[in-house]
Amino acid sequence: MDFFIQQFINGITLGGVYALIALGYTMVYGIIQLINFAHGEFFAAGGYMGVIILSWLAGQGFMQTHPWLCLGLSLALTMGYCALLAMAVEKVAYKPLRHSSRLAVLLSALGMSIFLQNGLMLTQGVYDKAYPTELVSGAVMLGGVRVSVMQIIILGVTASLLFGLNALVFKTRIGKAMRATAQDKVMASLAGINSNRVISMTFAIGAGLAAAAGIMVGLYYGSVRYDMGFVPGIKAFAAAVLGGIGNITGAMIGGFIIGMVEIMAAAYVPHGGEYKDVFAFIILIAVLYFMPTGIMGENVDDTRV
Amino acid sequence: MTLGSKRSWLLFLLGLGWFFVLLWPLLGIHPDGSLTFAETFEVWGYVSSVAVAVMLVYQLNKSGALEFVTTPLERVREKGARVYAMAPRWLWLAVLIGFALSYPMWTERYAQDVAVNVLIYICLGLGLNIVIGLCGLLDLGYIAFYGVGAYTYALLSVHFAIPFWLSLPVAAVLAAIAGCIIGYPTLRMRGDYLAIVTLGFGEIIRILLNNWMSLTNGPNGILGINAPGIWLPDFADGFTLEHLWLKQLDHIYYVILALAIFTIIAVRRLNFSRIGRAWEAIREDETAAELMGVNTFTLKLMAYASGAVFGGLAGAFFSARMRFVSPESFTFLESALVLAMVVLGGLGSIPGVILGALALIALPEIFREFELYRMLAFGGAMTLMMVVRPAGLIPAKRMGKRGEEAE
């Protein structure tokens, strides 16, 4: 039983990370019906920016004196950086293609993904980069279950970001504008909403969340790699589809399901660890085959599927 | 003569500033607690001077100041096109085939190596061209069929010593079956969803190759694959057949040349057959095609299967040539590379795909010293291409615009 609870907690931790990445996919898809292939790269860039800032702070000696402040600062700076990056990518690769074929946009996104990945590789090197993790190494024992401080941080950050996003989308003016644009772009712009700015904001927010996920994955596993964005990106997309693409709550649920399935498969299925990536893909294919609108989705019109 | 509006230059400068902000943290923050600017300014300086030059040329061209260059160039191009149209088509083909056949006789080993690579990618590109260019099904897992073909020959050769020529049809059939397996569940999906599912399938196959130790030897790959062999008539001692392993590069070049020519002819014949027209109908408007009596179910499966066949053939050749296969060769990046070729050259256009393969395989060889920047440039070029010329270098003649995209 302890083993199961342990795996359950691991699953929730991983699921939270997937949920954060999936939100970016789902929000962008909801507004401009584009699979942002470069989204996984924002996650990787977040991981790298986190290690750069934290190492610098450690080099300055701040990490030893104010660890929690440093963690918060690096999280904020990383999210801001990735938001700027995403806005630049949107301007360069997606905005000029707003009215061309879907294939063109998809390929442009693919090109951007390869570009960013190699940009990271060229500036940061091909090898893994280690996080200064000594400050978050502790663990709490609950009965026979070991919950590391890092897991608690991930869960806390994930939960607060999810609540924050929910508030942003449903309580603020920009959230209202986003929902209106997602519903009908032409009508929204007729009503005085600057749809270009809304799209830009959506990219920025999505990338910020992915960056937060990146920094936490980096802290959790202790290192980052330039090509770490690809597989989590696809899994997060699977999560977004599972939850019903375009639906924010759905993306969160989908993320937790994918994370849970992956951990449970690795723990209970023979050879599951080796094939754990396969399960997310199989879920993706099965969901698209049997219920293309996902768990929570309803308003995906037929031509899009 | 004006150099564009003030606004466009202002936006341009803003963009450069933005780029600096994005670049500096990656290069200027060091783990020892220091901040530097020199390196960032150097990289940024290179990039921005190129960008300024491009912007200047663009603005000059727009304002008409470059007409003294563009007008004569246009005239030369027109003249060239006229000369090309004057000579009969078979003459050009004969020249081309003559060039291809004589190629190993006057080139070095290195150039032959590049040519073999280009020909492999021509086969792959044309195979993918059936799926995406003709039928309009965006397939991001195409390299899986290449992998199936490569492993089929590798396993047949290592375990059963079956010769290359016998394995070739087996590889093609297995790849076609894999194509149907991947194609079947995706038939209901379109566009982006299809892309992501095929990507998932491609990854599944790669993970299988990587982890199924007993069959594929995992990441270590399979060694000791036989080269293709041929029987040559030998008249020295009456009439006997002499067996010859095609291990030399200039011999094996002809094998892939034959495969590539076979692929080109087959794809061309398919394109102008009833099936090809039906594929194009599906690409242009699936619903309308179905209403007009096109059996979209079988035809889409057929597109997957026949696209996969050429991938499988190229894969079998690949393992025969390298005499070694490992999952490393079948990553998503390879799929993206083949896709980029098809798109860069022009969807649905055979000369376009050939040009795309040449551009993406042969050109980087010329800039060998910039090897590191190859994929960076490739990704950037892909995006740039989509922004400035989404139809590709040599667009197909028959290509429409989908109704749902016209909005």
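Side chains included, hydrogens not; waters and symmetry mates left out as well; all remaining heavy atoms used. Residue numbers start from 1 in every chain, and the chains themselves are labelled A, B, ... in the order their sequence lines are given, proteins ahead of strands. Values in this document were obtained by computation on a predicted structure and should not be read as measured data.
When all heavy atoms of A:Gly111 and B:Thr383 are compared, the closest pair comes out as C-OG1, 3.5 Å. Summarising the geometry of A:Tyr81 relative to B:Pro25, their closest heavy-atom pair is CE1-CG, 3.7 Å, with the distance given to 0.1 Å. Summarising the geometry of B:His30 relative to A:Trp56, their closest heavy-atom pair is O-CD1, 3.3 Å, with the distance given to 0.1 Å. Closest of all the heavy-atom pairs between B:Leu22 and A:Ala88 is CD1-CB, 3.8 Å.
One distance of note links CG of B:Leu333 with CD of A:Gln117; it measures 7.0 Å at 0.5 Å rounding. Separating the CH2 atom in B:Trp18 from the CE atom in A:Met87 is a distance of 4.5 Å, to the nearest 0.5 Å. We find the CG-CG distance between A:Leu107 and B:Leu347 to be 7.5 Å, quoted to the nearest 0.5 Å.
Both the backbone and the side chain of A:Leu84 come within contact range of chain B, judged by heavy atoms closer than 4.5 Å. Proximity to chain A involves both the backbone and the side chain of B:Val21, based on heavy atoms less than 4.5 angstrom apart. Proximity to chain B is limited to the side chain of A:Met49, based on heavy atoms less than 4.5 angstrom apart. When heavy atoms are compared at a cutoff of 4.5 Å, B:Phe332 approaches chain A solely by way of its side chain, counted from C-beta outward. Of the two parts of A:Ile52, the backbone and the side chain both hold a non-hydrogen atom closer than 4.5 Å to a non-hydrogen atom of chain B. Using a 4.5 Å cut-off between heavy atoms, B:Val343 touches chain A through its side chain atoms alone. Proximity to chain A (any heavy atom under 4.5 Å) is shown, for B:Leu384, by neither the backbone nor the side chain. In this structure, the portion of A:Phe37 lying under 4.5 Å from any heavy atom of chain B is its side chain and not its backbone. Both the backbone and the side chain of B:Trp212 have a heavy atom closer than 4.5 Å to some heavy atom of chain A.
Most heavy-atom pairs under 4.5 Å with chain A: of the set B:Ala336, B:Pro185, B:Ala377, this distinction falls to B:Pro185. Heavy-atom pairs under 4.5 Å with chain B peak, among A:Ser108, A:Ala93, A:Ser55, at A:Ser108. Contact count versus chain B (heavy atoms, under 4.5 Å) is highest, among A:Leu34, A:Ile35, A:Val105, for A:Ile35. The choice from A:Ile53, A:Leu284, A:Leu110 that makes the most heavy-atom pairs within less than 4.5 Å of chain B is A:Leu110. Of the listed residues (A:Leu77, A:Asp277, A:Ile114), the greatest number of heavy-atom pairs within a distance under 4.5 Å of chain B belongs to A:Ile114. In terms of heavy-atom pairs under 4.5 angstrom with chain B, the leader among A:Leu120, A:Val92, A:Leu97 is A:Leu97. Ranked by heavy-atom pairs under 4.5 Å with chain B, the first of A:Val241, A:Val51, A:Ile285 is A:Ile285. Ranked by heavy-atom pairs under 4.5 Å with chain A, the list B:Leu23, B:Leu35, B:Leu339 is led by B:Leu35.
A:Tyr275 places no side-chain N or O within donor-acceptor distance of the main-chain N or O of B:Leu208, the cut-off being under 3.5 Å.
Residues of residues 228-238 of chain A having a heavy atom under 4.5 Å from any heavy atom of chain B, listed by number: A:Phe230, A:Val231, A:Ile234, A:Phe237.
Around CZ of B:Phe37, the count of heavy atoms belonging to other residues, nucleotides or ligands within 6.0 Å exceeds 12. The 12-atom threshold is exceeded at CZ of A:Arg98, counting heavy atoms of other residues, nucleotides or ligands nearer than 6.0 Å. The number of heavy atoms from other shown groups lying within 6.0 Å of CE (A:Met187) does not exceed 12. The local environment of OH in B:Tyr373 is sparse, with at most 12 non-hydrogen atoms from other residues, nucleotides or ligands closer than 6.0 Å.
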Problem - side-chain contact (heavy atoms from CB on, under 4.5 Å) evaluation trace for A:Val278 with B:Asn211 - result: CA-CA 11 Å; A:Val278 172; B:Asn211 289 308; over 6 Å; no

Practice task
Just do the side-chain contact (heavy atoms from CB on, under 4.5 Å) check on A:Phe281 and B:Ile207 with the steps written out, would you?
Solution key: CA-CA 11 Å; A:Phe281 297 133; B:Ile207 295 168; 4.1 Å; yes

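Under the side chain to side chain contact (heavy atoms under 4.5 Å, CB included) criterion, A:Thr123 pairs with B:Leu26, B:Leu27, sequence neighbours left out.
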